[in-house]
Amino acid sequence: MRERKPDVIDDLWYKNTVIYNCDVRTFMDSNGDGTGDFRGLKRRLDYLSSLGIGAVWLMPFYASPDRDDGYDVSDYYAVDSRYGTLGDFVEFTHAAKQRGIRVIADLVVNHTSDEHPWFKEARASKTSRKRDWYVWSKTRPKDWNRGMVFPGVQKSTWSHDPKSGEWYFHRFYDFQPDLNTSNPEVQAEIRRIMGFWLQLGVSGFRMDAVPFVISKKGPGQKPVEQYDMLRDLRAFLSWRTEDAILLAEANVLPRTNFEYFGEVGERMQMMFNFDVNQHLFYALAAHDKGPLERALVATHDRPQTAQWGLFLRNNDELDLGRLTEAQREKVFQEFAPDKSMQLYDRGIRRRLPPMLKDDKRRLRLALSLLFSLPGTPVVRYGDEIGMGDDLSLPERKAIRTPMQWSSEPNAGFSKARRLAAKVISGGPYGYETVNAAQQKYEPESMLSWTGRIIRMRKECPEIGWGDFQVLETGNRAVLAMRYEWRDNAMVIVHNLAGEPQEVRLRTKEDKLVNLFATGDSEGKSHKISLEPYGFRWYRAGGLDYLLRRREY
Ligand code: GLC
């Protein structure tokens, strides 16, 4: 943190919770029509609650032609009828609240669907009231094919609109025209959308594509970010619902982080840490902590109230665009050697277990890193049971298959004959082998482990709340971190390599208590022997430290 003052507000719930990224479409189908729905999701809340989840981030559930899994919205004020009604939505948020689970909605306001009535009106005539809600050019701009987000699939960022004879801007697919977010009317509409869902019980938003939302847009226009917009959005949010948060999807360079958080935390409370994510995968692939340590240090500073969202995999490809070419090649070689596993010239469209060749030791190591690096962990649905991917599906659909609940037909996800999304069946990741029901009673299963590590994480507020420091280990493959918060400290050590390692650590305290197993350490320096891919979570200074935790 830039300034070290005591954190006096204890109520920041997002500092020490676990967020679960889930898609209503593929989670649980209650009415047997082949698509997941809010009634189904509601029935699965007890599962999430017993796992220890504190917040659910829902992928877009608004009315949509569904050409980009809901990221193409045609009505922001409606639940897509396939998922239920607004009534079902409110029943769901209410049931979540009863279990102490918060709901975070995906807010997709960089663009709409081309079937949104606003766009239809905008393109109908150059003088229409909605014309200036989108971004137009009379002629084809020089940069018409630059800045594409989906290279290889997307053809351009400007497309010709035969109706009005002009060109419209779309940062993403051509069916996702960008909103002119500089237009005060559009800004007011974004606030209205937020206000609507807050009123229906959400605790905040995962804001899609933030750098593009706040960009100046227009033909020949350099994409300059207007960061002040973030302060306005935040002010509105906090005024309407005081404990609601904004979680930014912003894959940006660490030097701009304060622009997103605000100097004193007056903008977005949370951002995904893409920098750590990419370097973490390099560390796992190369057994080399160097670049990860540098990413941790580069993203160390943040306002006191701000928090990182940490993740392993999410709903998209694993984006490796910020690694050097050599680093990226290394990760491809280890985790996605076949071209069909790669996407958009920069990423990997696989789930974690197949990448790690289903090596349980490595999966636990990755899980331990997710739950112990600085920030709040965000778990992708299905990762808690080690689900696989289906590379026969196009693009990111490979990792968007239905949740595998049991070995019943359709993985227990639906009773329908035809499903909206194919279930993974057969082979090592088929629902017959990988499912929640079976893993529930296996003490060493991925599900049991995930539950265990979530419980442990909740007992270690130092990680979410505290300040951290990277410790010297003299070993490239061994990452050691120390956390401190209100007179409590933890030391966490990870062996990235497939061979055993031994390191010596110096810490202030002469006692380290092992939290996951027996094996404490005492002395002026600590000799720690780690098995291949092994890790240790220690409370420094003895367990009674917790009792001595200072209150303000
Ligand atoms: C974000 C989403 C992605 C979507 C895109 C367009 O990057 O995570 O899934 O396709 O925005 O909305």
Side-chain angles (χ1 to χ4, degrees), residues 19-26 56-76 80 104-116 119 134-135 147-157 159 168-179 181 190 193 205-215 217 223 246-252 260 268 270-274 277-278 309 311-322 343-351 378-382 389 393-401 421:
I19 301 177
Y20 190 82
N21 165 213
C22 160
D23 190 354
V24 59
R25 197 173 61 101
T26 49
V56 174
W57 148 33
L58 291 178
M59 282 174 65
F61 48 79
Y62 316 102
S64 159
D66 209 15
R67 293 177 67 189
D68 183 17
D69 287 331
Y71 284 94
D72 47 333
V73 180
S74 55
D75 184 355
Y76 290 96
D80 195 289
I104 297 174
D106 220 304
L107 183 66
V108 191
V109 290
N110 176 67
H111 46 265
T112 67
S113 158
D114 59 355
E115 290 179 37
H116 196 295
F119 189 65
Y134 293 86
V135 186
M148 284 176 291
V149 177
F150 305 125
V153 187
Q154 192 180 348
K155 301 274 175 297
S156 66
T157 47
S159 285
Y168 66 92
F169 178 62
H170 52 89
R171 175 62 79 169
F172 296 89
Y173 296 111
D174 60 0
F175 54 83
Q176 292 167 318
D178 268 46
L179 280 164
T181 44
I190 294 175
I193 295 165
F205 302 93
R206 175 264 189 191
M207 200 164 163
D208 191 52
V210 180
F212 301 142
V213 175
I214 61 173
S215 222
K217 309 174 188 187
L246 289 169
L247 163 56
E249 186 210 21
N251 185 350
V252 293
Y260 288 86
M268 312 198 78
M270 290 188 76
M271 275 174 89
F272 286 111
N273 198 332
F274 280 95
N277 175 261
Q278 310 193 14
F311 60 105
L312 292 168
R313 293 292 292 110
N314 62 13
N315 54 322
D316 287 322
E317 79 285 4
L318 166 64
D319 187 338
L320 303 171
R322 301 217 176 273
L343 193 60
Y344 311 136
D345 308 328
R346 60 164 185 252
I348 299 180
R349 59 188 203 106
R350 302 184 86 188
R351 283 223 187 216
V378 183
V379 180
R380 167 85 174 145
Y381 83 86
D389 43 54
L393 298 171
E395 293 178 69
R396 294 157 294 159
K397 286 205 187 289
I399 50 146
R400 296 177 177 180
T401 59

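Numbering of ligands and ligand atoms starts at 1, following listing order.
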Proximity flag [X] to ligand 1, non-hydrogen atoms under 4.0 Å:
| X | value |
| --- | --- |
| H111 | yes |
| F150 | yes |
| R206 | yes |

Ring geometry between F311 and F272 (parallel below 30°, tilted from 30 to 60°, perpendicular above 60°):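 Rings of F272 and F311: perpendicular, over 60°.
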
Nearest-neighbour protein heavy atom for [atom], which is reported as residue plus atom name and distance:
| atom | answer |
| --- | --- |
| atom 12 (O) of ligand 1 | D208 OD2, 2.8 Å |
| atom 9 (O) of ligand 1 | D316 OD1, 2.7 Å |
| atom 10 (O) of ligand 1 | D68 OD2, 2.7 Å |
| atom 5 (C) of ligand 1 | F172 CE2, 3.6 Å |
| atom 7 (O) of ligand 1 | E249 OE2, 3.0 Å |

When you look for heavy atoms under 4.0 Å from ligand 1, do you find them on the side chain of [X], its backbone, both, or neither?
| X | result |
| --- | --- |
| F212 | neither |
| R400 | side chain |
| V149 | neither |

Residue that, paired with Y344, satisfies side chain to side chain donor-acceptor pair (under 3.5 Å) out of E395, Q154, E317: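 Output: one option passes, namely E395.
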
By salt bridge (charged side-chain N to carboxylate O under 4.0 Å, His left out) - contacts of D345 (at least two apart):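 Checked D345 against salt bridge (charged side-chain N to carboxylate O under 4.0 Å, His left out); zero matches.
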
Non-neighbouring partners of R380 that pass salt bridge (charged side-chain N to carboxylate O under 4.0 Å, His left out), sequence neighbours left out: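 Scan of R380 (salt bridge (charged side-chain N to carboxylate O under 4.0 Å, His left out), adjacent residues dropped) gives none.
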
Lys/Arg cation over aromatic Y20: R206, 6.0 Å, 45° cone: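 Ring-cation test returns no.
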
Can you tell whether the side chains of [X] and [Y] come within less than 4.0 Å, N to carboxylate O?
| X | Y | answer |
| --- | --- | --- |
| R349 | D389 | no |
| R400 | D69 | yes |
| K217 | D178 | yes |

Straight-line distance of L320 CG to R322 CZ, nearest 0.5 Å: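 L320 atom CG to R322 atom CZ measures 12.0 Å (nearest 0.5 Å).
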
Ligand-residue contact atoms, ligand 1 with R396, heavy atoms, under 4.0 Å: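 Selected atoms, number and element: 3 (C), 4 (C), 9 (O), 10 (O).
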
Atoms in ligand 1 with a heavy atom of N315 nearer than 4.0 Å: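 Answer, ordered by atom number: 8 (O), 9 (O).
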
